[in-house]
Amino acid sequence: MTEAAERLRAVLARRPLEAAPDLLGIVLRAGARAGRIVEVEAYEGQDDPASHAFGGPTDRTRVMFGPAGHLYVYRSYGIHWCANVVCHADGMAGAVLIRAVEPIEGVEAMWPDRPKAASVTDLASGPGKLCAALGIEGGHGGVDLLDPGSPVRLEAGLDADGPPVVAGPRVGITKAVDRRWRFAVDGNPHVSRPRPPGFGTAGRRR
DNA sequence: GACAAGATTGACT
DNA sequence: GTCAATCTTGTCC
């Protein structure tokens, strides 16, 4: 475990709502493919009706109750994979959904898995898209993202100060929709839904 | 064992 | 803008 990884683990071992904006700018790597995280959503655990962890641990969600920095992958609508970073202290449920990344490495290798992508900004501009682009699937669930030997891992970004962040309501859920727990890099073209109504108007900047 | 719902995407009108 | 695809998980009987 490197010093940078330890620092990142400490960042993640907080409430997802606090850790989520700090994930922006960090690089998500899967083998030779890598992308900078530009959009995330926070999901608290048992206090959040929209979270899969609401209602207690199950076989599927157990990893969310484990130590921070692990990967939680689930299938959405039977078709797409969605990747989450486990947050919060060990024993406390919480996760941050990665909604979009900006491809920065191994872009050529992403195209075969994203044949329908219209442009590079469309390669990973969505939860299901980024998993396809990076080759993340169910088998990766539970891996330690901070272990250099993992097939999928996080690498501290170069933006020491962190990019400008805007906040808005979460997307695609039917419960607790009023919580403005979606965070994105301001103005980045790789976010899944650029500037939706109300996005950023009452958000938190840092 | 059966059924309903879902943190999405892409095609079609 | 609207809608279907597709399948895993959790709940209920």
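The chains referred to below are lettered A, B, ... by the order of the sequence lines, with proteins before strands, and numbering in each begins at 1. Below, each value reflects all heavy atoms present in this structure, side chains not excepted, and no hydrogens, waters or symmetry copies.
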Practice prompt. Look at K116(A) and dA11(B) and indicate whether a side-chain polar atom (N or O) is within less than 4.0 Å of OP1 or OP2.
Written response: yes

Worksheet item: Honestly, is R62(A) close enough over Y72(A), meaning NZ or CZ under 6.0 Å from the six-membered ring centre and within 45° of the axis?
Response: no

Worksheet item: R114(A) side chain N/O closer than 4.0 Å to the phosphate oxygens (OP1, OP2) of dG10(B)?
Response: yes

Discussion item. Using side-chain contact (heavy atoms from CB on, under 4.5 Å), reason through R170(A) and I173(A) one step at a time and then give a plain yes or no.
Written reply: CA-CA 7 Å; R170(A) 291 181 292 185; I173(A) 56 176; 3.6 Å; yes

Fill in: Integer-rounded Å distance: dA11(B) P and K129(A) NZ
11 Å

Worksheet item: So what's dA7(B) paired with, Watson-Crick or G-U wobble, going by both distances under 3.5 Å?
Response: none

Item to complete: Find which nucleotide of DNA chain B each of G128(A) and T174(A) is nearest to by heavy atoms, and output the residue with the more 5' nucleotide.
Response: T174(A)

Worksheet entry | Length of the OH-C1' vector between Y43(A) and dG6(B), whole Å | 11 Å

Item to complete: Give a yes-or-no answer on whether the side chains of S192(A) and E39(A) include a donor-acceptor pair shorter than 3.5 Å.
Response: yes

Worksheet item: Starting at CG of L130(A) and ending at P of dT8(B), how long is that distance when rounded to a whole Å?
Response: 12 Å

Discussion item. Below 4.0 angstrom, which residues in residues 73-84 of chain A have at least one non-hydrogen atom near DNA chain C?
Written reply: R75(A), Y77(A), G78(A), I79(A)

Practice prompt. Can you see which heavy atom on R14(A) is nearest to which on E18(A), and at what distance?
Written response: NH2-O, 3.4 Å

Practice prompt. Grab the CG-P distance between L123(A) and dT9(B) for me, whole Å please.
Written response: 13 Å

Discussion item. Measuring from the side chain of M64(A) (C-beta onward, heavy atoms only), which nucleotide among dG6(B), dT9(B), dA7(B) has the closest atom?
Written reply: dA7(B)

Practice prompt. Take atom CE of M110(A) as the centre, draw a 6.0 Å sphere, and report whether it contains more than 12 heavy atoms from other residues, nucleotides or ligands.
Written response: yes

Discussion item. It should be established whether H52(A) places a side-chain nitrogen or oxygen under 4.0 Å from OP1 or OP2 of nucleotide dA7(B).
Written reply: yes

Worksheet item: Between the side chain of H190(A) and the main-chain N/O of S125(A), is any donor-acceptor distance below 3.5 Å?
Response: no

